[in-house]
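Everything below concerns the one structure shown next.
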Amino acid sequence: MAIDRRSFLAGIGAAAALALSGGSARAGSPAVYVACARAGDGSQRVCGFTGEGRLLFSTALPERGHDVAARPGSDELVVFARRPGDWMAVVERGSGRVTRVVLAAEGRHFYGHGAFSADGRVLWATESRIETGAGVLGAYDCAAGYARIGEVETGGIGPHDLAFLPGTDRLVVANGGIRTHPETGREILNPGALAPSLAVLRPESGEVEEVVELGPDLADLSIRHLAVAGDGATVFGCQYAGDPLAVVPLVGVRETSGRVRLLEMPEDDLISMENYVGSVALDPSGAILCATSPHGSVAAFFERASGRYLGRRRMSDVCGAAPGDVAGTFLVTSGNDGVAIARVPPGDLADLGAELAGMVWDNHALRL
Amino acid sequence: MRSPPTLAAALLATALVTAVAVGPVPASAQAPSPPPIDPQAAAIRVAERVLLPGYDDLAGATAAQEDAWRTFCAGATPRDAATLDDAFDIAADAYARIEPVRYGPVAEDFRYERLAFWPERRDAAGRALAQLEGLPDESLLAPERFPDTSVAGQGFTAMERLLYEEDTRAALVEGGAREARLCTIGIAIAHALAETSGEIADAWRDEALPALVADAQEGRRAATRLATDLLSGLEAIETLKLGLPLGESLDDARASRAEMWRSGRSARQIALNLAGLEATARALVDEDAALAPDTLRYLAQAERLAAQGPADIGEAAADPERRGRVLLLSAAIATARTAAAGEIPPALGIVTGFNALDGD
């Protein structure tokens with residue numbers, strides 16, 4: 001669907017936008033988050049808010065957004081259209097003002113996620129080559145107005161989330177394996193033959209160093225979302241597209257050594273996730289991970305190093321998850337139950353109040 | 001001659017057209033105006049008219065079921081299980097009327113799963129029952145410890161299997177080596193159901209309803225959650241209760257994937273789910289049919305189909321002669337859901353959540 005630029009820009013002018021005072025990293029200031037949401041009037045928005053529940057900005061988007069990436073060393077955020085969308089919007093993190101919108105290249109669509117190089121120079125976005133369904137990473141030169149300067153293949157189809165391994169120029173990419181086409185929207189065009197994988201690649205050269213598959217028994221387990229710890233360990237969350245009554249592991253970790261393991265949960269708890277993880281996040285210490293299931297209305301917690309299961313908490317339609325303010329805490333968002341801080345253990349939830357509860361929070365939340 | 005699949009296709013087409021008509025309107029066309037209905041008042045009405053009486057009924061029926069099990073098991077074998085059947089039917093009826101509601105005390109302490117564990121992934125309830133039967137000592141079956149066992153073995157799903165699976169039913173009626181343990185399990189499940197139901201009923205009266213009355217924000221949140229439960233309840237009937245036995249095609253149909261197929265209650269559960277959802281919709285709009293005309297009409301239509309159609313949803317889904325009626329019911333429910341999605345949230349001035357319905 002094409003964007004009506006003028007109506008989008010008019011919407012931008014009318015957006016409620018309160019200026020953030022100072023940087024988010026200031027000592028003593030609460031954590032600041034960004035997430036997409038639908039407002040009470042039905043409009044699609046990208047919102048900034050504090051970890052204490054105060055809304056900082058709420059900016060209209062032309063269509064539903066998905067994830068947000070923050071450009072290092074700059075005040076720019078990039079909001080990606082939800083797959084199979086064809087735009088991304090550059091937003092000032094202080095004011096929420098949209099400074100530009102960048103359309104997908106001819107013959108490409110976005111998958112909803114992107115990652116900046118550590119120096120903030122290049123943005124890599126997961127995209128699809130519509131004609132073949134091949135997954136690619138589009139490269140955008142941030143300083144040159146996000147001009148698209150090339151693309152590399154991801155070693156799979158349906159790439160979704162991606163993240164740089166800290167301190168390296170290597171990206172880990174979740175090749176979800178699901179092929180879609182803009183004309184058929186979100187319909188899965190390759191059911192029963194998903195071939196998902198986790199790829200590690202050097203985007204500058206396009207060299208795919210490693211492709212991990214989960215084996216033939218889990219061929220329908222789409223790897224979709226990632227969270228990377230400071231030491232490079234990568235947590236991934238999956239969604240199962242096979243037999244709806246099957247019970248399969250949904251959360252895994254790729255160790256820094258490259259070893260991949262799937263985490264175990266007690267069966268009752270695993271079944272309650274309903275074969276679907278919507279987001280994964282690590283707490284500020286990197287020691288605890290959270291996996292959310294909006295289908296099961298459950299947030300589940302694990303110790304990352306040991307893989308030990310720490311229990312679950314019920315929150316209606318919970319999906320977005322991000323690190324909290326201090327070790328052992330997460331921010332979690334819901335489509336119909338507002339925003340809360342989860343503390344692990346014991347996993348109790350502290351609601352962040354009415355201002356945020358009036359919004360329908362979308363799949364992901366980013367801590368700035 | 002009637003041609004059900006064609007009818008179903010026509011209804012589906014109607015649903016699609018309606019979906020387009022009620023799709024999101026551009027933000028520019030929206031003007032903030034007070035909703036016709038105060039959401040807090042709507043949530044309080046649902047609590048007072050549907051949930052409190054519903055959970056009270058459930059608490060009463062499950063307590064009666066526990067009594068029936070204790071009386072039955074105290075009698076000499078062979079014995080007539082009709083009292084257990086009657087008690088189960090009354091309790092399952094009460095459960096079906098409030099099953100789609102996931103807001104409130106039922107969401108705490110995993111009570112929702114304790115009440116029923118369906119669909120049965122990996123034969124979870126069957127395995128939980130086998131595990132309970134094989135326990136070396138019975139102490140885990142005592143009321144204070146039973147909640148620590150697998151939730152799959154604690155609710156209606158396990159109870160239905162215990163009572164209607166041929167071999168366990170025969171052992172309960174005729175007696176023999178397994179009888180004593182199966183009775184202990186039946187009483188434990190019946191007791192757990194009565195406990196859980198009583199806790200929910202008490203918590204609604206003592207905590208949840210007062211909180212709705214005292215706090216407008218909680219009232220608004222409750223209305224949003226109840227409207228979402230209405231929509232996802234309809235979705236669950238369509239995709240799970242009908243979708244699982246229907247499969248993708250006739251070849252893919254699976255009779256034993258219907259809910260409560262052993263007791264022959266599959267269609268009755270759906271009809272009562274729909275009756276409960278209709279009562280919820282009516283309470284939300286305060287019986288003002290003008291605010292949700294299509295929702296109420298299509299819910300009534302789906303309810304009628306569920307009540308008058310095949311009683312054995314699973315068998316019917318796999319039967320070329322009757323499959324069309326199950327498809328028709330599925331299409332009727334999709335139509336009701338589309339109507340409710342278009343009418344209910346605007347009437348309350350709320351937006352309903354969508355991560356679970358439309359994730360990525």
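Ranked by heavy-atom pairs under 4.5 Å with chain B, the first of A/L245, A/D351, A/I271, A/V298 is A/L245. Ranked by non-hydrogen atom pairs under 4.5 Å with chain A, the options B/A128, B/A107, B/P119 are led by B/A107.
For chain B, the nearby part of A/R224 is the side chain; its heavy atoms alone come within less than 4.5 Å. In this structure, the portion of B/L244 lying under 4.5 Å from any heavy atom of chain A is its side chain and not its backbone. At a 4.5 Å heavy-atom cutoff, B/R254 makes no contact with chain A through either its backbone or its side chain. Within the 4.5 angstrom heavy-atom criterion, no atom of B/Y103 approaches chain A. Heavy-atom distances place the side chain of A/H160, and not its backbone, under 4.5 Å from chain B. For a residue to count as touching a neighbouring chain, one of its non-hydrogen atoms must lie under 4.5 Å from one of that chain's; by this rule A/D243 touches chain B with the side chain only. If you measure heavy-atom distances from A/S279 to chain B, you find no contacts under 4.5 Å at all.
More than 12 heavy-atom neighbours from other residues, nucleotides or ligands sit within 6.0 angstrom of CD on B/E108.
Below 4.5 Å, heavy atoms of chain A meet heavy atoms from B/Q217, B/R221, B/T224, B/R225, all part of residues 214-226 of chain B.
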(message) Applying salt bridge (charged side-chain N to carboxylate O under 4.0 Å, His left out) to A/R186 and B/D360, what does each step give before you reach the verdict?
(response) CA-CA 9 Å; A/R186 300 163 62 77; B/D360 201 354; 3.6 Å; yes

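Atom OH of B/Y112 is separated from atom OG of A/S272 by 13.0 Å, given to the nearest 0.5 angstrom.
Residue A/N336 forms a side-chain contact (heavy atoms from CB on, under 4.5 Å) with just one option from B/I350, B/T352, B/T228, B/D229, and that option is B/T228.
Side-chain contact between A/R314 and B/R111: absent, with no pair of heavy atoms (C-beta onward) separated by less than 4.5 Å.
Nearest approach of A/D268 to B/S150, heavy atoms of both residues: OD1-OG, 3.0 Å.
Under the salt bridge (charged side-chain N to carboxylate O under 4.0 Å, His left out) criterion, B/R122 pairs with A/E267, not counting sequence neighbours.
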